[in-house]
Amino acid sequence: MKKLRRSMLFLPGANAAMLSTSFVYKPDSIMFDLEDAVSIKEKDTARLLVAHTLKLGIYQKMGIETVVRINALDTPFGLDDLEAVVRAGVDVVRLPMTHSAENVHQLEAHIVRIEKELNRPIGSTKIIAAIESAEGVVNAVSIAKSSSRMIAIALAAFDYLVDMQTERGDGQELFYARCAVLHAARVAKIDAFDVVYSNVNDDEGFLREVKRVKQLGFNGKSLINPRQIELLHNAYAPSQKDLDNAKEIVEAAIEGERQGLGVVSLNGKMIDAPIITRAQMVIELANMSGVRQE
């Protein structure tokens, strides 16, 4: 069964209290941040705290995927971050500022070396590439297809919008980047994460954006506040009406196959393969996430 990746909660790597307790919020993935959320003077401390937390295995026991955003490999901190978190057993490394497939290849070469040193299965550590620039958006397909370890690509808004010489508005400024990243993910058959919604006091605005990106096809969003998790998960769950309709479609398709019918219809509408596939996806999602509470 496909893993749900609706929510990726960012946690500052230097915040020991949050690292040890945030599993209670039950995001699908939790991302320990060693990059932007950590000051220069706290980099070493944060790295040690995150590695220690990973070794405890708390999040893995809760079924929560662990992700670490390391510093870029061309900084003084990136390689030390990577060594520490891979050795500590992180599930996924999130690579910031991914501009090209070459950035991913460089990261992967180091991960392979570490896995060999640990006698760990090659390929066990996965990768998420963060797209944060115009160059990254243009190269999104090659980035998404650059490694068999790649499980998702994530659009990050702030640096991208600075690169584009604009700022956050009604979402129009992100439309092309969202579409490019999403199409790249679908070509590579991996997941796609949308940007953080930074106004944590604006639930209505957050839900409007969630509705928009869900309709586009994103698997989920990066989050910076735990209270957004429940809102996001509920918004992504199918409604009872959607579930009932999906079950009718699948049942009609099964009955049509049993009768040897070449064409099946339901309520006067023809049911073809894409409609059946979509109905099966709705049923699977409901089984994993429950039904939306209106």
Side-chain angles (χ1 to χ4, degrees), residues 1-8 25-29 60-65 67 91-92 123-124 126 128 140-141 144-145 147-155 178-194 207-223 228-294:
M1 185 175 289
K2 179 176 169 58
K3 176 173 173 53
L4 282 178
R5 291 194 176 96
R6 300 160 295 180
S7 55
M8 181 184 295
Y25 300 114
K26 298 181 180 178
D28 295 326
S29 303
Q60 291 91 331
K61 291 173 185 175
M62 298 291 292
I64 299 171
E65 185 174 59
V67 183
D91 294 324
V92 186
S124 55
K126 306 304 181 183
I128 291 176
V141 172
K145 296 179 69 176
S147 170
S148 59
R149 298 172 184 266
M150 192 75 67
I151 59 166
I153 50 177
L155 180 62
R178 279 173 165 153
C179 290
V181 166
L182 184 57
H183 278 78
R186 294 298 167 260
V187 168
K189 295 180 170 49
I190 60 175
D191 290 337
F193 282 100
D194 187 49
L207 287 173
R208 281 196 302 272
E209 181 161 281
V210 169
K211 182 178 180 180
R212 183 184 303 126
V213 301
K214 179 190 174 190
Q215 183 64 29
L216 282 173
F218 277 89
N219 299 90
K221 281 181 76 66
S222 301
L223 307 175
Q228 294 175 325
I229 295 170
E230 187 174 351
L231 293 172
L232 177 66
H233 287 184
N234 189 57
Y236 263 80
S239 68
Q240 187 63 53
K241 181 180 178 181
D242 291 338
L243 178 58
D244 292 343
N245 184 57
K247 288 180 176 178
E248 286 186 10
I249 290 171
V250 171
E251 288 169 3
I254 292 171
E255 179 62 20
E257 185 176 356
R258 188 184 68 80
Q259 295 181 19
L261 300 177
V263 178
V264 179
S265 64
L266 178 67
N267 301 324
K269 295 182 179 180
M270 187 182 74
I271 301 174
D272 57 10
I275 292 175
I276 296 168
T277 299
R278 175 61 187 165
Q280 291 169 334
M281 290 170 62
V282 169
I283 294 170
E284 182 180 23
L285 178 58
N287 289 337
M288 296 174 72
S289 69
V291 175
R292 186 186 314 151
Q293 301 301 308
E294 302 293 349

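If you read the sequence from its start, that first residue is 1, and numbering goes on from there.
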Within the supplied structure, the quantity of interest is the number of heavy atoms (other residues, nucleotides, ligands) at a distance under 6.0 Å from Glu230 CD; does it exceed 12?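 Incorrect, the count does not exceed 12.
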For [X], what residues pass the side-chain hydrogen bond (donor to acceptor under 3.5 Å, both in side chains) criterion, not counting sequence neighbours?
X: Ser148; answer: none
X: Asp244; answer: Gln240
X: Ser289; answer: none
X: Arg186; answer: Asn219

What's the separation between atom [atom1] in [X] and atom [atom2] in [Y], rounded to the nearest 0.5 Å?
X: Arg212; Y: Gln215; atom1: CZ; atom2: CD; result: 11.5 Å
X: Lys189; Y: Met150; atom1: NZ; atom2: CE; result: 16.0 Å
X: Ile229; Y: Lys221; atom1: CD1; atom2: NZ; result: 13.5 Å
X: Ile283; Y: Asp242; atom1: CD1; atom2: CG; result: 11.5 Å

Listed partners of [X] passing salt bridge (Lys or Arg N to Asp or Glu O under 4.0 Å), at least two apart:
X: Glu65; value: Arg5
X: Glu255; value: Arg258
X: Arg178; value: Asp194, Glu209

Output all residues satisfying side-chain contact (heavy atoms from CB on, under 4.5 Å) with [X], sequence neighbours left out; order by chain, then residue number.
X: Ala140; result: Ala184
X: Asp28; result: Leu4, Arg6, Ser7, His233
X: Ile271; result: Ile249, Ala252, Val264, Leu266, Ile275, Ile276
X: Gln60; result: Thr66, Asp91

According to the salt bridge (Lys or Arg N to Asp or Glu O under 4.0 Å) rule, which pairs have a member within residues 245-254, sequence neighbours left out?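 For residues 245-254: none.
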